[in-house]
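For the numbers below, each heavy atom of this structure counts, side chains included, while hydrogens, waters and symmetry mates do not.
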Amino acid sequence: MTTSPAGPGGTAAPARRETFSSRRLFILSAIGSAVGLGNIWRFPYVAYENGGGAFLIPYLVALLCAGIPLLFLDYSIGHRFRGSAPLSYRRLHRAAEPIGWWQVLICFIIAVYYAAIIAWAAMYAWFSITKAWGDDAEGFFFNNYLHSADQAGLSFDFVSSVFFPMLAVWIVTIVIMVAGVNKGISRANAVILPLLVVMFVILVVQSLFLEGAMEGLNAFFTPNWDSLQNPGVWAAAFGHIFFSLSVAFGIMVTYSSYLKRKTDLTGSGMVVAFANSGFEILAGIGVFAALGFMSVASGQAVDEVASGGIGLAFVAFPTIVSEAPFGAVLGVLFFGSLVFAGLTSLISILEVIVAAFQDKLGWSRKAATLVVTIPIALISLILFPTTTGIHLLDTSDAFVNQFGILACALVTVIVVSAGLGSLPRLQKHLNRTSTVKMGAGWRILVGGIVPVALGYMLINEIQTKSTEQYSGYPAWFNGVFGWGMAGALIVGAVLLSLIPWSDKSRLKDAEYDEYNAAEELDGDVDNNREDVKA
């Protein structure tokens, strides 16, 4: 094994690329990335708003026709080209490198605000013990805890109760990242993910015994079949799947590059996809059972108390905790689950960025992690534990996490399928090592169905955000931190791709050359077998 440079100024060749020590650890890490805050606070409300039980039909169609095919596309690119997102796309074709950097920069924006939500959840797990929010959960969250400013802007008026939990989140995350793929990421997911599942199962069971739970479940599962005629419902299903599975923004490309050469890619992907969906449905049951209790307790209909996102987590759920039997336990389990789900996702998001700079500059794991994550942590700690942090978070999430990812995913599938014609090559790679074989249907889905769905959603997002001022924020604020930031990521991706690859980078890596030669040899063997069969 070669030695790695001690830092940016090192002169030795980069160390042999790390790999997951087992397929099980990869699957745990991939599930940990996919299972995030959105599974718990987004899916139940999206399903409820789009036909209840009937939504499961477009959801399943979207999973099978878009989510899993795109997941396999990410796996095939990362595993075949053995690199971070920029390096894998560069090896696919030199002109495709900016796509990888676009994904890296999207992850950068998400990382700087994601830590804030994890910190809020950690504090609310503590607040649940004493029910610190009293009788006004909404007022407590925005005024007493966040000290949210009346107007969106950029303030450096820090809120200590947000700053110090965020600092703790960043310290824990950086320690895990420095430890590497096996000692850090794998071990963290092997511990955190089972804890998350156990905690959430207990939460769901406790919620089912609350008075009114069946009212909530009836609201959640009762199908509105007429909704299936609404194109917006199908678009919501496809949109949710794209965000839920962590596809098309570098995470699965990076994680799959750490797999050993002969790994069952499609079998692993199926496990990850269905485990993620299973967790989402479990979240829907638990959340709506609790909302049913809130409905009965308040004398309001379920549709009047149901909400998603931040409103569900930090306003509706604290109200439930205040009124439910053993509410403190319910609160600790719910917010503890948010912390664990957020941590595993934040780790995967940061890994996209760390791996990209490690590959391009040839730095050691420790050097790349510290040089990348510390500045990200500092930016996060400067911008988000402030009185205007929630406004900045809301805008960044709406324009970059949703609008930006849709645009990047659309460009990716068009370039890979139509521009480079790489789908047959990637399909062959998938089939070489996988139990579930991909046929022409996979190419049709990735090159046809997925671009149409993405294009529809992207046009709809552009129209919506162009015709109305998002959240009533000032035009300059949305212009700078919304449209401006989304556009800046594209420019930044092109500029980063123009930076020459270091002589110590993995672009010309003997290890990859060996791997590539073995792949080509396997391909020749496969071709010979096909000739014999013919």
Side-chain angles (χ1 to χ4, degrees), residues 29-30 32-38 70-71 74 77-78 83-90 96-118 169-170 173-174 176-177 181 184-185 189 242-258 341-361 368-380 383-384 392-393 396-409 411-412 481 485-497:
S29 299
S33 171
V35 174
L37 300 174
L70 265 185
L71 187 65
D74 278 357
I77 293 172
S84 59
L87 179 56
S88 291
Y89 281 102
R90 167 82 180 216
E97 183 183 340
I99 293 175
W101 287 110
W102 193 0
Q103 294 177 348
V104 167
L105 292 177
I106 288 172
C107 287
F108 170 84
I109 299 299
I110 296 173
V112 295
Y113 71 74
Y114 212 77
I117 306 173
I118 300 172
V169 168
W170 277 113
T173 304
I174 291 173
I176 293 171
M177 296 296 299
V181 174
I185 296 173
N189 280 289
F242 288 130
F243 301 123
S244 174
L245 279 178
S246 297
V247 293
F249 53 108
I251 293 174
M252 293 306 176
V253 171
T254 304
Y255 270 12
S256 62
S257 75
Y258 297 133
L343 272 176
T344 55
S345 295
L346 179 59
I347 289 167
S348 67
I349 291 165
L350 287 169
E351 182 61 23
V352 175
I353 311 169
V354 171
F357 284 94
Q358 186 179 9
D359 281 356
K360 183 144 191 172
L361 301 175
T369 301
L370 294 176
V371 171
V372 167
T373 57
I374 290 178
I376 293 175
L378 290 175
I379 294 170
S380 176
L383 293 178
F384 291 96
L392 185 59
L393 186 154
S396 301
D397 180 69
F399 282 84
V400 175
N401 188 20
Q402 295 185 31
F403 176 73
I405 289 176
L406 286 176
C408 184
V411 170
T412 300
F481 297 106
M485 191 174 294
L489 299 189
I490 302 173
V491 176
V494 173
L495 294 177
L496 284 169
S497 67

Check your understanding: Can you tell if the side chain of I106 reaches within under 4.5 Å of the side chain of C408, non-hydrogen atoms only?
Key -> yes
Study note, to complete from the structure: On a heavy-atom basis, the closest approach of Q103 and A248 is NE2-O, 3.4 Å
Study note, to complete from the structure: When rounded to the nearest 0.5 Å, the distance separating CD1 of I185 from OG1 of T254 is 9.5 Å
Review point. Residues two or more places apart in sequence or in another chain: which of them pass side chain to side chain donor-acceptor pair (under 3.5 Å) with S380?
Key: W170
Check your understanding: When rounded to the nearest 0.5 angstrom, what distance separates OG1 in T344 from CD1 in I349?
Key -> 9.5 Å
Check your understanding: Out of L105, I405, L489, which residue meets the side chain to side chain contact (heavy atoms under 4.5 Å, CB included) rule with V400?
Key -> L489
Exercise for review: To the nearest 0.5 angstrom, please state how far the OG atom of S29 sits from the CG atom of N189.
Suggested key: 4.0 Å
Review point. Taking S345 for the side chain and G342 for the main chain, is one N or O donor matched with an acceptor at less than 3.5 Å?
Key: no
Study note, to complete from the structure: For L496 and K360, the nearest pair of non-hydrogen atoms, with its separation, is O-NZ, 2.9 Å
Point to revise | Contacts of Y258 that satisfy side chain to side chain donor-acceptor pair (under 3.5 Å) - sequence neighbours left out | key: E351
Below 3.5 Å, can you tabulate the donor-acceptor pairs from side chains in residues 369-378 to any protein atom, sequence neighbours excluded?
unit_1	atom_1	unit_2	atom_2	d
T369	OG1	R365	O	2.8
T373	OG1	T369	O	2.5

Check your understanding: Any idea which heavy atoms bring S348 and S33 closest together, and the distance?
Key -> OG-OG, 3.0 Å
Check your understanding: Rounded to the nearest 0.5 Å, how far apart are CG of L71 and OG of S246?
Key -> 9.0 Å
Point to revise | W101: partners by side chain to side chain donor-acceptor pair (under 3.5 Å), with sequence neighbours left out | key: E97
Review point. Among all residues two or more places apart in sequence or in another chain, which pass the side chain to side chain donor-acceptor pair (under 3.5 Å) test with S88?
Key: none
Study note, to complete from the structure: Looking only at heavy atoms, the pair that brings M252 and A30 closest together is CE-O, 3.5 Å
Study note, to complete from the structure: What one should report as the nearest heavy-atom pair of L343 and T173 is CD2-OG1, 3.7 Å
Review point. How long is the gap from CG on L87 to CD on Q358, to the nearest 0.5 Å?
Key: 11.0 Å
**Study point:** Close side-chain approach of Y114 to L37, heavy-atom, < 4.5 Å
**Key:** yes
Exercise for review: Please tell me if the side chains of L393 and F481 come closer than 4.5 Å, counting only heavy atoms from C-beta onward.
Suggested key: no
Study note, to complete from the structure: Taken in chain and number order and not counting sequence neighbours, the residues that satisfy ring pair (Phe, Tyr, Trp, His ring centres under 6.0 Å) with F108 are none
Check your understanding: Which atom names give the shortest non-hydrogen contact between A116 and F384, and what distance separates them?
Key -> CB-CB, 4.1 Å
Review point. Is there a side-chain contact between V352 and F249 (heavy atoms, below 4.5 Å)?
Key: no
Check your understanding: If you measure from CD1 on I110 to CG on L346, what distance do you get to the nearest 0.5 Å?
Key -> 10.5 Å
